[in-house]
Amino acid sequence: MTSFAVIGAGIIGAAVARELTQRFPDDHVTVYDKADSVASHQTGHNSGVVHAGLYYQPGSLKARLCRRGVNLLRDFALDRGVPYEECGKLVVALERAEEDRLRTIHEKALANGVPGVELIGPERILEIEPNATGRLALHSPHTAIIDYAAVTRALIDDVRSAGGTVRLGAEVTGITNTADGCSISTPEGTEPYDFVIACAGLQSDRIARMAGGGAFPKIVPFFGQYSKLAPGYRTVLNGLVYPVPDPAYPFLGVHLTKRVDGEMLVGPNAFLSFGRENYSGRRIGIKDSLDVVASPGFWKFASRNVSAAVQEFGAVVSRQKFLAGAARYVPSLDGAESTPITRGIRAQSMDAHGNLVDDFVIEDVGRATLLRNAPSPGATSSLAIAEHLVSEMAAKHRLSSV
């Protein structure tokens, strides 16, 4: 019997564990996570958008796995009764200078095979979203929303039903990686496995180093703060409204996101997080912060993004400024009331030169497969990432599966 360990019980780790139980039903799978419940980190602090694949470089791993992941995720959700709503999305240009960038996104979306996307003018914008405004928009009718934590729980249920073991509250403190297998150490002891797949999110670089992986890419955490609009604004939009991404800054900017529970969110801002798991904003992670400031690559990144950081910081300290950005796209939000919700933290990888790593990154070291970078659309792509990781591992080690 072959034994597999999966590190991480977020949506990607859960999907990998389920994929292993399906491909190797006679073998054993154990999932490790230091949290006391599944989906406790990025997955449980996610806006719930199922991305269609608009922005990603055609042919990249991210683009391919996003498109495959959407279909797998939709089918899984419908089969398990997890709420899934194709509410649609508009990416809106307010200024002439944004229109060419929007056309480029449209070209990428077509190349990626995103269904139904089209460029529309002001009249059509109002037909789709009567409270929105804009010069030009990209409409993605099949962009959807979902509860990713519910998906993760359903995936873990499948793992357990297939005979897998889920060890929560079990922090991985060491990995021994040899030609014959891997040993996983936790405060409770050390256990041997034939193969390990690490999907450790915010701790992915540290887990990778334990397994003998490279120093880079390195995680630099960025928090994203969302605000929940007052109940009277729950129906202000039918779907999602996003700005055209600014190439001077690596994140998408403040947008409006409908949630499957009916709430309407505004956000996120994006700023350096002083702690990889500092969801409240009050628990400063000393080790995490020192890790960031000790990296020459981070200072190179910071020096190139001073103006964007100043702009983002203004939205961090002033909720009025934060909401004013959203009101440019939906004028009826002018003066709206909102309540901040628990922030999310993005596990963003950075290379040695201070560049944010855009595509998914996988590193193989001995008997360990290490997912080093899987930011958005990581959750959307989770089931496809699982297929890919398990297939690559099986091919490399010549494992026969059903």
Side-chain angles (χ1 to χ4, degrees), residues 9-23 38-39 42-56 58 60-91 105 108-118 128 138-159 161-162 199 237-242 252 255-263 265 360 371 374-391:
I11 192 169
I12 299 178
V16 166
R18 177 178 177 268
E19 185 72 16
L20 287 167
T21 63
Q22 292 187 326
R23 299 271 194 104
V38 304
Q42 286 187 111
T43 303
H45 298 84
N46 191 298
S47 64
V49 176
V50 180
H51 294 282
L54 304 180
Y55 308 102
Y56 318 125
S60 66
L61 193 60
K62 182 184 280 192
R64 292 189 286 111
L65 295 185
C66 179
R67 285 305 312 148
R68 171 68 175 157
V70 170
N71 295 326
L72 292 173
L73 184 64
R74 181 191 60 237
D75 292 349
F76 182 82
L78 295 176
D79 181 61
R80 300 309 168 85
V82 175
Y84 184 95
E85 180 186 346
E86 286 191 350
C87 60
K89 169 179 170 178
L90 292 179
V91 182
I105 293 171
K108 286 183 177 180
L110 292 175
N112 289 335
V114 179
V117 290
E118 61 176 337
I128 295 169
L138 175 63
H139 182 216
S140 173
H142 297 291
T143 293
I145 51 176
I146 199 171
D147 182 344
Y148 282 118
V151 173
T152 306
R153 291 190 291 270
L155 291 167
I156 289 294
D157 286 346
D158 281 2
V159 173
S161 296
C199 309
L237 292 174
N238 297 313
L240 317 176
V241 172
Y242 279 52
L252 291 179
H255 44 265
L256 291 122
T257 303
K258 181 181 177 182
R259 221 164 52 178
V260 288
D261 62 2
E263 298 290 356
L265 306 182
F360 298 153
L371 184 60
S376 181
T380 299
S381 310
S382 54
L383 292 166
I385 291 173
E387 275 188 345
H388 181 78
L389 290 176
V390 173
S391 293

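Bear in mind that the values here come from a model prediction, so they are computed numbers and not experimental data. Side chains are part of it too, since the values below use all heavy atoms of this structure and drop only hydrogens, waters and symmetry mates.
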Atom [atom1] in [X], atom [atom2] in [Y]: separation rounded to 0.5 Å?
X	Y	atom1	atom2	result
Thr21	Glu19	OG1	CD	8.0 Å
Leu54	Thr143	CG	OG1	5.5 Å
Cys66	Asn71	SG	CG	10.0 Å
Asn238	Ile128	CG	CD1	9.5 Å
Leu65	Thr380	CG	OG1	11.5 Å
Asp147	Asn46	CG	CG	9.5 Å

Side chain to side chain contact (heavy atoms under 4.5 Å, CB included) between Arg18 and Leu383: does it pass, once the steps are laid out?
-> CA-CA 9 Å; Arg18 177 178 177 268; Leu383 292 166; 4.3 Å; yes
Shortest non-hydrogen contact from [X] to [Y]?
X	Y	result
Ser376	His51	OG-NE2, 3.3 Å
Ala109	Val117	CB-CG2, 4.1 Å
Leu155	Ala14	CB-CB, 3.9 Å
Ser382	Ala379	OG-O, 2.9 Å
Ala9	Thr152	O-CG2, 3.7 Å
Ala384	Gly69	CB-N, 3.5 Å

Ser391 and Arg23: CA distance, side-chain angles, deciding distance, side-chain hydrogen bond (donor to acceptor under 3.5 Å, both in side chains) verdict | CA-CA 9 Å; Ser391 293; Arg23 299 271 194 104; 2.7 Å; yes
Just wondering, do [Y] and [X] contact through their side chains at under 4.5 Å, heavy atoms?
X	Y	answer
Val114	Arg67	yes
His388	Phe360	no
Ile146	Tyr148	yes
Lys89	His255	no
Tyr242	Thr257	yes
Leu265	Arg259	yes
Ile145	Leu240	yes
Lys62	Pro377	yes

Could you tell me whether Asp158 and Arg80 make a salt bridge, using a distance below 4.0 angstrom between a side-chain N and a carboxylate O?
-> yes
Answer yes or no: is there a donor N or O on one side and an acceptor on the other, between the side chain of Asp79 and the main chain of Asp75, under 3.5 Å?
-> no
Determine yes or no for a side-chain-to-main-chain donor-acceptor pair under 3.5 angstrom, with Ser60 supplying the side chain and Ala63 the backbone.
-> yes
